[in-house]
Amino acid sequence: MSYKTNIGYRKETLIKLLNTIILHEDEVIQALQNDFNKPIFEAVLTETNYVIADLKDTIKNLQRWAKPKKVLPSILNFPSTDSIYKEPYGKVLIIAPWNYPFQLALCPLISAVAAGNQVVLKPSELTPKTSEVIAKIILKSFDKNHVEVVEGGAEVSQGLLSQRWDYIFFTGSVAVGKIVAMAAAKNLTPVTLELGGKNPCIIDETANLKLAAKRIVWGKFINAGQTCIAPDYILIQKDMKTHFIEYLKVEITNAYGKNPSLSPDFARIVNTKNWLRLANLIDETKVIFGGQTDIENRYISPTLIDESDTDSLIMQEEIFGPILPILSYENETELSSVISKYEKPLALYVFSENKSFSKKIITQFSFGGGCINDTVVHFSNKRLPFGGVGHSGIGAYHGSLSFDVFSHEKGIVKKANWLDLTLRYAPYTGKLTLIKNILKWL
Ligand code: NAD
């Protein structure tokens, strides 16, 4: 069976995958809860139902996406018909992280299969229950030569990276992204690197502070802050800071109650190593809200930090947890100097009623993607490319773009034989002026 050409087979296996996921949906949700207490609502919204919707969309559009696309021919080739053929790369390696362990493993896999590739998936070892269910679902849905799950940690991952692949799709940290890029370079293997960064959340003096607080609290504390596009820090116009902090406190309490450790809607930190890393970032002298920690339950409450020092520990690297430093700026020069201090982030958010200010921010800084007057939600539109730039990643996916990521695009000119213009052939004597005139019109 050729996975390459047989679109019917690709579709058939994806339908089988869809049915298997639906059958095991409760098991996936339970596994996510067991791994790090992911709230059911979040598990359905950002994991199982997200994947099911992506799968349905892919099945529906597969035929259309796979078809050669006609493009306008060049006058130089007259008469011809020109097309782009989508060719599967071949053997694809997908390495997934733990924070959205089902979605970030399954969505690239779905597109890789749709595009006609063979796939090996390495899910994260930090969410072992979810990885186990993923392996079971894949085994039930695919022939092992077509799609296989290899479970394990960094060593297993490095073993896989030492092999030759036709495409590598990696989601994870910047540090491991560099290891992946180096391994891929040995065989000139193309890569997509979906990485992270320090995502700024800028608020100017015209912003609707109450609504901004509500949307930032949701985007920051969903999955207990363990989201690659969560706001990493707030940069607010100096005069608004005190007022805004009060709104943030109200919104955190509205969402998670007075004691968030009792809320069924607040996740835990994935493991002790990450808990220790995060607890170490909390400078008690700067805590203005929250700051409660419990190592046994890997709990860290939603925490607000009053930060003025861009060289402090918490401002060194991506936080990736429920701790939110709040910095302020007096003027645009100061704002710019803070943002420019860091590598290009995966996301940037600006809250403002001033259209020219938001536009200026969006165009002035380089970042993966983002929102004006909201956080995180750009992820949910399949018509928007999702990916980083610079240290936050290489390449982008989602929607039909995901199919293209896993396809090599072959440009083909189909030349007609009924006419053969002599202009391009030697001898060139007497043809220079004519070719110059034609080239002017291209
Ligand atoms: P990670 O880089 O530690 O691990 C990701 C994967 O790489 C795992 O499967 C892991 O087993 C493997 N791995 C770990 N060390 C390795 C090594 N030395 N060599 C080879 N493989 C190795 O990342 P994580 O902790 O799972 O995820 C958190 C990071 O991922 C954050 O930085 C976050 O911003 C980023 N992230 C990015 C996106 C995105 O779409 N851009 C989405 C989710 C998470």
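Order of appearance sets the numbers: ligands from 1, and atoms from 1 within every ligand.
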Per-atom contacts, ligand 1 versus [X] - under 4.0 Å to a heavy atom:
{"X": "Leu104", "result": "42 (C), 43 (C)"}
{"X": "Glu125", "result": "10 (C), 11 (O)"}
{"X": "Leu346", "result": "41 (N)"}
{"X": "Ile95", "result": "6 (C), 7 (O), 9 (O)"}
{"X": "Gly196", "result": "34 (O)"}
{"X": "Ser173", "result": "1 (P), 2 (O), 3 (O), 23 (O), 29 (C), 30 (O), 32 (O)"}
{"X": "Phe320", "result": "28 (C), 31 (C), 33 (C), 34 (O)"}
{"X": "Thr171", "result": "5 (C), 37 (C), 38 (C), 39 (C), 40 (O), 42 (C), 43 (C)"}

To which protein heavy atom is [atom] closest, and what is the distance rounded to 0.1 Å?
{"atom": "atom 13 (N) of ligand 1", "result": "Val176 CG1, 3.8 Å"}
{"atom": "atom 35 (C) of ligand 1", "result": "Gly172 O, 3.1 Å"}
{"atom": "atom 27 (O) of ligand 1", "result": "Pro97 CB, 3.5 Å"}
{"atom": "atom 40 (O) of ligand 1", "result": "Phe386 CE2, 3.3 Å"}
{"atom": "atom 26 (O) of ligand 1", "result": "Trp98 CD1, 2.9 Å"}
{"atom": "atom 7 (O) of ligand 1", "result": "Phe170 CE1, 3.4 Å"}

Aromatic rings His398 and Tyr50: how do their planes relate, parallel, tilted or perpendicular, breaks at 30° and 60°?
tilted

Look at the rings of Phe266 and Phe221 and say which category their plane angle falls in: under 30° parallel, 30 to 60° tilted, over 60° perpendicular.
tilted

Does one side chain, of [X] or [Y], offer a donor that lies under 3.5 Å from an acceptor on the other?
{"X": "Asn274", "Y": "Arg277", "result": "yes"}
{"X": "Tyr329", "Y": "Ser337", "result": "no"}
{"X": "Asp204", "Y": "Ser352", "result": "yes"}
{"X": "Asp35", "Y": "Thr130", "result": "yes"}
{"X": "Gln292", "Y": "Ser261", "result": "no"}

Of the backbone atoms (N, CA, C, O) and the side-chain heavy atoms from C-beta on, which set of [X] has a member under 4.0 Å from an atom of ligand 1: side chain, backbone, both, or neither?
{"X": "Val180", "answer": "neither"}
{"X": "Leu195", "answer": "backbone"}
{"X": "Ile229", "answer": "neither"}
{"X": "Ile179", "answer": "side chain"}

With a 4.0 Å cut-off, would you call [X] and [Y] a salt bridge?
{"X": "Arg215", "Y": "Glu251", "answer": "no"}
{"X": "Asp143", "Y": "Lys16", "answer": "no"}
{"X": "Glu334", "Y": "Lys238", "answer": "no"}

Answer with yes or no after comparing the ring centroid distance for [X] and [Y] against a 6.0 Å cut-off, counting only values under it.
{"X": "Tyr397", "Y": "Phe169", "answer": "yes"}
{"X": "Phe320", "Y": "Trp98", "answer": "yes"}
{"X": "Phe244", "Y": "Phe351", "answer": "no"}
{"X": "Tyr342", "Y": "Tyr233", "answer": "yes"}

Min heavy-atom dist Tyr100 to ligand 1 below 4.0 Å
no

Could you check whether any heavy atom of Ala96 sits closer than 4.0 Å to an atom of ligand 1, since that is the contact criterion I want to use?
yes

So for ligand 1, is [X] a polar contact partner (N or O within less than 3.5 Å, distance only)?
{"X": "Tyr397", "value": "no"}
{"X": "Glu318", "value": "yes"}
{"X": "Cys228", "value": "no"}
{"X": "Ser157", "value": "yes"}
{"X": "Gln158", "value": "yes"}

State whether any protein heavy atom lies less than 4.0 Å from atom 4 (O) of ligand 1.
no

Exactly one of Trp165, Tyr167, Phe406 should register a ring-ring contact (aromatic ring centres under 6.0 Å, His included) with Tyr89. Which one does?
Tyr167

Looking only at non-hydrogen atoms, the one of Ala154, Ser131, Gly153 nearest atom 16 (C) of ligand 1 is Ala154

Does the side chain of Ile7 come within less than 4.5 Å of Arg10's, by heavy atoms?
yes

